[in-house]
Amino acid sequence: MPSVKHNDMPPTTLMRRISFSRYPSPPPPSVSGPPLRLRLRPLQLTLRRFNSSSATPTTISLLGRTYPTDGWTNITPSITAHLSQNLHLQPSHPISITRSLIESRFPSPTYTHHNHLSPIVTTAQNFDSLGFPSDHPGRARSDTYYINAGHVLRTHTSAHQLDLFKANHAPGFLVSADVYRRDAIDRSHYPVFHQMEGARGWDLAKTSVAEINDETEYLASLTASLQVEDLHPPFHEQTNPLQPQHSSEAAAAVAAHLKRSLESVVLALFTSAPNPDADADADSPSSSSSSSSSSTPAPPLKVRWVEAYFPFTSPSWELEVFWRGSWLELLGCGIVQHPILTAANLPSSHISWAFGVGLERIAMVLFGIPDIRLFWSTDDRFTAQFIQGEVTRFIEFSKFPGTLRDIAFWLPGGVEDGEDTGGANSGAGGPAVHENDIMEIIRNVGGDLVEDVLLKDQFTHPKTKRASRCYRVHYRSLERTLTSEEVNAKHAELEKALKEALGVEIR
Ligand code: FA5
Ligand code: MG
């Protein structure tokens with residue numbers, strides 16, 4: 001049956017955007033049985049994809065090294081094409097401007113800066129060194145790009161923590177880098193993005209808590225104009241525990257230093273941006289073209305601290321900023337798990353904080369860039385707009401119309417889809433398909449022409465028990481108007497690819 005076609009209809013908010021947290025909190029000890037087990041099942045269907053249309057070569061050469069492939073290999077040419085682009089190092093690129101602005105708040109010699117670390121890391125670096133349990137969902141092939149069983153494209157800059165703590169060049173470090181995740185497709189999610197990791201440590205045998213507090217007081221004096229909501233105590237026995245190796249005084253001092261450091265960065269960044277609210281209130285199409293010369297005074301900037309969970313920090317938090325009417329998560333952070341510092345041969349009296357911030361998230365807000373795909377544009381109407389060292393408001397060169405196409409199919413087995421079901425919707429039985437496998441195929445066929453994908457509906461046939469899914473694919477080019485012939489051809493190609501790779505039956 002042909003798919004339903006729609007033209008230029010905005011996606012509705014009733015439809016679920018496909019995403020889930022990478023760091024689900026561990027289950028309470030009373031829960032028996034492995035959590036999220038179904039999501040970790042080996043994905044035979046994915047293997048079939050690689051063995052059918054294009055057989056996996058026995059080796060892959062990446063960044064000058066050759067790696068043997070195996071049953072874990074799932075990287076695709078559309079991903080490896082991004083490997084040497086290094087947007088964080090391209091002069092006058094918004095990602096690089098954002099990186100430099102943050103770096104300037106963490107100067108050397110207190111912090112060493114590392115911007116050229118290879119994106120190919122071992123599973124030991126990306127996961128084991130950080131205390132990820134062996135069944136952590138972040139390790140699944142559905143979430144991470146594997147070169148082979150032992151090597152991945154780093155999913156976060158935290159992959160370099162242990163090595164940099166070991167090198168111990170300075171009290172602190174910063175790492176900026178490209179990171180890779182198999183994920184949903186929409187205007188704020190792309191499989192490649194950039195993070196900056198920061199860390200700062202003290203040997204409490206050499207530095208007193210009072211000295212840390214003095215530095216914190218200075219940082220606090222820089223952020224007096226910021227409105228900060230921090231409702232939680234520094235640690236909580238159940239939800240955000242103090243580590244057994246830390247005294248509450250030392251951990252509270254390090255937590256306060258971490259929070260004030262990051263607040264001062266956010267304030268510096270957001271006050272360097274042209275006042276967005278001067279034009280956010282205006283609905284005229286030219287509103288995005290105003291510059292920093294706006295005369296409307298900016299309202300005080302508001303941020304809030306939210307408790308979080310990461311396997312490698314405790315206690316942990318996320319920092320959110322109130323921006324254009326909603327809270328936006330900027331970063332995750334916390335006090336580094338003591339065993340990581342011990343593994344780095346640091347003395348037991350050492351304590352450290354760490355954070356990881358998304359550079360696209362910040363750059364989109366600072367520059368007013370509405371779509372994450374734009375960062376990859378080589379169109380000079382985009383690239384020529386920016387100047388190293390300056391935050392300027394992005395001037396939209398043109399918004400080309402989009403087109404929606406639905407694709408509905410019966411699954412051979414079921415879909416595993418993240419925290420809402422906690423695992424497979426196994427339908428008529430048979431191997432489960434992870435939603436990210438569907439996204440990957442859409443991305444491979446549609447490339448940057450796919451703006452987002454929404455799950456429109458799902459049901460299980462009451463008699464046959466087969467599971468049905470309908471996704472709405474939003475095709476839109478940032479650079480030109482797509483013809484319906486071209487979109488139809490892409491969509492037909494997508495149907496074929498889904499059939500071949502996953503064995504679905506188009507409805
Ligand atoms: C992490 O990656 C942790 N490694 C952060 C961390 C470092 C915690 C050190 C503690 C200590 P998370 O997955 O939340 O956490 O990502 C961190 C930030 O990266 C997010 O807050 C967000 O700004 C950005 N980010 C995450 N996923 C995406 C995405 N798909 N697209 C763009 N930015 C993203
Ligand atoms: Mg997060």
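Each ligand, and each atom within it, is numbered from 1 in the order the structure gives. When reading the values below, keep in mind they use all heavy atoms of this one structure, side chains included, and skip hydrogens, waters and symmetry mates.
Annotation for Tyr218: atom OH does not count as buried by contact number, only 12 or fewer foreign heavy atoms lying within 6.0 Å. The number of heavy atoms from other shown groups lying within 6.0 Å of NE2 (His116) does not exceed 12.
Scanning the protein heavy atoms around atom 30 (N) of ligand 1, the nearest turns out to be His189 CD2, 3.2 Å.
Side chains of Ser158 and Glu197: a donor on one and an acceptor on the other come within 3.5 Å. Donor-acceptor pairing under 3.5 Å is recorded for the side chains of Glu215 and His257.
Note on Asp448 versus Arg476: no salt bridge recorded, every NZ/NE/NH1/NH2 to OD/OE distance being 4.0 Å or above. Using a 4.0 Å cut-off between charged nitrogen and carboxylate oxygen, Arg187 and Glu451 count as a salt-bridge pair. A salt bridge does not link Asp452 with Arg472: every distance from a Lys NZ or Arg NE/NH1/NH2 to an Asp or Glu carboxylate oxygen is 4.0 Å or more. With respect to Arg154 and Asp178, a salt bridge is recorded, a charged nitrogen being found less than 4.0 Å from a carboxylate O.
Residue Glu329 has at least one heavy-atom neighbour below 4.0 Å for each of these atoms of ligand 1: 14 (O), 20 (C), 21 (O), 23 (O). Listed by atom number, the atoms of ligand 1 under 4.0 Å from Ser188 heavy atoms are 31 (N), 32 (C). Short contacts between ligand 1 and Gly358, defined as distances under 4.0 Å to a heavy atom of the residue, involve ligand atoms 18 (C), 19 (O), 23 (O), 24 (C). Ligand-side atoms of ligand 1 in range of Gln161: 9 (C), range being under 4.0 angstrom from any heavy atom. Atom numbering of ligand 1 starts at 1 in the shown order; those under 4.0 Å from a heavy atom of Phe312 are 3 (C), 4 (N), 6 (C), 7 (C), 8 (C), 9 (C), 10 (C), 11 (C). Close approach of ligand 1 to Leu331 is summarised as follows: ligand atoms under 4.0 Å from at least one heavy atom of the residue are 21 (O).
Residue contacts with ligand 1, taken as heavy atom pairs separated by less than 4.0 Å, involve Ser158 solely via side-chain atoms from C-beta onward. Contact annotation: for Thr313 versus ligand 1, heavy atoms closer than 4.0 Å belong to the side chain alone. Only the backbone of Phe355 comes within 4.0 Å of ligand 1, judged by heavy-atom distances. No part of Val336 comes within 4.0 Å of ligand 1, judged by heavy-atom distances.
Inclusion of Gly356 in the set of residues having an N or O under 3.5 Å from an N or O of ligand 1 is not warranted.
The closest approach between a heavy atom of Ser316 and any atom of ligand 1 is not below 4.0 Å.
When the options Asp183, Ile362, Leu330, Leu258 are ranked by their closest heavy atom to atom 23 (O) of ligand 1, first place goes to Leu330. Closest heavy-atom approach to atom 13 (O) of ligand 1 within the set Arg181, His156, Met364: this belongs to Arg181.
Note on Glu329: its N/O/S atom closest to the Mg ion (ligand 2) is OE2.
In this structure, Ile438 CD1 and Ser142 OG are separated by 11.5 Å, a value rounded to the nearest 0.5 Å.
Residue Arg182 is tested with Asp437, Thr144, Asn436, Asp143 for a side-chain hydrogen bond (donor to acceptor under 3.5 Å, both in side chains); the sole match is Asp437.
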